[in-house]
Amino acid sequence: MLLIENFINGSYCAPLDSTYLDNVNPATGIVISKIPRSNKKDIDLAVQSAQAAFPNWSASSQESRFLILNKIAEGIESHLNELALAETNDTGKAISHSRQIDIPRAASNFRFFATAAMQFASESHDMPKRAINYTLRQPIGIVGCISPWNLPLYLFTWKIAPALATGNCVIAKPSELSPTTAFLLGKICKEAGLPDGVLNIIQGYGTEVGEAIIQHPDIKAISFTGGTKTGKHIATQVASKFKKLSLELGGKNPCLVFADCDYEQTLKQVVRLAFSNSGQICLCGSRILIEERIYEQFKKDFIAKVDKMLPSDPLDPDCKMGSLISNEHLNKVLNYIELAKEEGGSILSGGTQIKLSGRCEGGSFIKPCVIEGLGPDCRTNMEEIFGPVVTLQSFKTDEQALELANCSQYGLASSIWTTNLNRAHRLAEQIQTGIVWINCWLLRDLRTPFGGLNNSGVGREGGYEAMRFFTEPKNICINYNSNL
Ligand code: NAD
């Protein structure tokens, strides 16, 4: 059985207390590896190694960081098969998803921020005939990066790459449910020439080792992606320590379908945005709002497609939908479906646990679920389920659509499906989400600001937003007028 280790000061090592956790493959229910149950002592050691590495790394040239980050990208690509298999075995997601989306995107993250290191410029502010200001954007020091299980290496590297590109040293923690690709990344970074101590990868429970990261006085910034409840806890903990904080949290994303949409294309894309990665993407649409004129037809056609979707063995190359992340999460999703019934909802498709035979007989599979008959302010439509569960609601006017869309404590992403671009622009301006997709979903340009409002988080990732987050601006004012 694979024994996963921490990666500290450029070497793999056991947790100092020699305690381990089981890592279960959710598609089979079988323990596939042991992972370190690290704690504060391991974080202290990692911080020491990061402190030793910081002076040289922060003073290294942009070009040398660019070259190393690019090599890491190449290393990820050359280990595509190994990484994709690890991702699928940890999470139960379809192998095609790991191969075509998760791992290639992890490589793109490094390549993108390698070039950002070369292009990132600071500002200058001129005071005519008097003085000039210029801003230095200096690395913060040691930063903590904490990521979730749904897109493991994809989101882990989305934080680490800009932190390294800007000259910081990093203490990074993947989810305890998806440890393996983060573990493998250590070796890839070493082979790419990343100096020892610059990136330290520590495994274990959020409440233990994650907590040690956010509490550590020498870790000056925290970049966190995960649940809203955890984000709220972290925000309260780090506020009094004055750490820089970026929070990318949950969502309850609306999808607005208008009668004048490109019907076939919309139908296909709504199925995709609802159920990709078994609905376990923070950007998935879970509240499908349909214009009344086409509601019945769209519902019928949508259900016909969803009825055909069956989860299967994620290692099957033709698998479109694998398992959920864990049995515990499966039960949470099933409980929400029961709640939807209690709240008066009708199940139009799926929503039941699926038992596969053979290798996957112990796996956590569920048939995607479509619910109708619920108003906007019931718990089913207010709380994040984070599984393959969507509700359908109808609207008559643009105003009603907007009201339904904005009836949420979350504000991460939305999508609008219409051929009327005036309407699309008008609604996009008024919808309360950090990201609005018009006639598309998950079309990502890594330069754009990424993040949400309200319970979906604070701050933005992506492009120069991330480069700014991971740097401390310092203004320098030079007077050149001797008459001052
Ligand atoms: P989670 O909050 O349970 O865990 C996220 C990470 O935080 C894990 O590594 C976990 O170990 C760690 N953690 C837990 N408690 C901690 C603590 N007290 N201190 C420090 N770290 C701690 O979330 P999850 O279940 O892994 O992920 C699912 C959630 O993530 C969903 O809500 C989803 O919407 C959200 N998500 C958001 C985005 C985004 O970009 N907005 C992207 C992906 C996932």
Side-chain angles (χ1 to χ4, degrees), residues 21 23 26 35-40 43 90-91 93 102 105 109 144-159 171-179 181-182 201-216 219 222-238 241 243 245-253 276-286 324-326 328-329 332-333 336 383-387 408-413 433-435 442 444 448-462 465-466:
L21 307 168
N23 178 29
I35 74 165
R37 183 174 177 175
S38 314
N39 59 33
K40 182 177 176 307
I43 294 299
D90 275 1
T91 60
K93 68 174 66 192
D102 288 71
R105 172 59 191 274
N109 289 340
C145 297
I146 302 176
S147 58
W149 48 260
N150 65 321
L151 297 165
L153 194 64
Y154 176 135
L155 291 174
F156 196 58
T157 54
W158 181 232
K159 298 181 177 306
I171 312 293
K173 190 198 103 57
S175 167
E176 58 275 27
L177 299 174
S178 56
T181 49
I201 300 165
I202 317 293
Q203 307 270 358
Y205 283 134
T207 48
E208 296 175 354
V209 71
E211 195 69 28
I213 292 175
I214 63 170
Q215 300 291 354
H216 200 293
I219 298 180
I222 303 289
S223 173
F224 171 82
T225 299
T228 298
K229 196 168 156 221
T230 318
K232 189 173 180 180
H233 168 75
I234 293 176
T236 57
Q237 292 302 303
V238 307
K241 299 181 178 67
K243 294 185 190 221
L245 181 63
S246 163
L247 295 173
E248 299 293 341
L249 310 177
K252 190 76 184 174
N253 307 312
S276 284
N277 203 34
S278 301
Q280 301 171 125
I281 299 180
C282 56
L283 304 164
C284 277
S286 50
L324 298 192
I325 184 65
S326 66
E328 192 188 344
H329 191 56
K332 179 188 148 187
V333 173
Y336 266 110
E383 296 176 15
E384 185 187 44
I385 300 174
F386 213 53
S408 176
Q409 294 293 308
Y410 291 100
L412 186 54
T433 58
I435 302 158
L442 209 54
R444 292 279 295 119
T448 59
F450 179 93
L453 318 171
N454 303 325
N455 286 6
S456 292
V458 179
R460 294 292 181 272
E461 295 186 329
E465 300 281 343

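When a ligand or atom number is given, it counts from 1 through the structure's own listing order.
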So, regarding [X] and ligand 1 (criterion: nitrogen or oxygen to nitrogen or oxygen, under 3.5 Å), is there a contact or not?
X: Leu155; result: no
X: Leu249; result: yes
X: Ile146; result: no
X: Glu176; result: yes
X: Tyr205; result: no
X: Asn150; result: no

Heavy atom of protein closer than 4.0 angstrom to atom 4 (O) of ligand 1: no
Looking at residues at least two apart in the chain, or sitting in another chain, which of them share a side chain to side chain donor-acceptor pair (under 3.5 Å) with His329? none
Partners meeting side chain to side chain donor-acceptor pair (under 3.5 Å) with Lys159 (sequence neighbours left out): Ser223, Thr225, Glu461
Between the candidates Phe450, Phe386, Trp158, which shows the shortest non-hydrogen contact distance to atom 40 (O) of ligand 1? Phe450
Among Leu247, Ile213, Ile171, whose side-chain contact (heavy atoms from CB on, under 4.5 Å) with Ile222 holds? Ile213
Backbone N/O of Glu383 and side chain of Lys252: donor-acceptor pair under 3.5 Å: yes
For ligand 1, is there an atom lying under 4.0 Å from some heavy atom of Ser147? yes
At a 4.0 Å cut-off, with the gap strictly under it, does some heavy atom of Pro174 reach an atom of ligand 1? yes
Can you name the atoms of ligand 1, numbered from 1 with element, that are less than 4.0 Å from a heavy atom of Glu211? 17 (C), 18 (N), 19 (N), 20 (C)
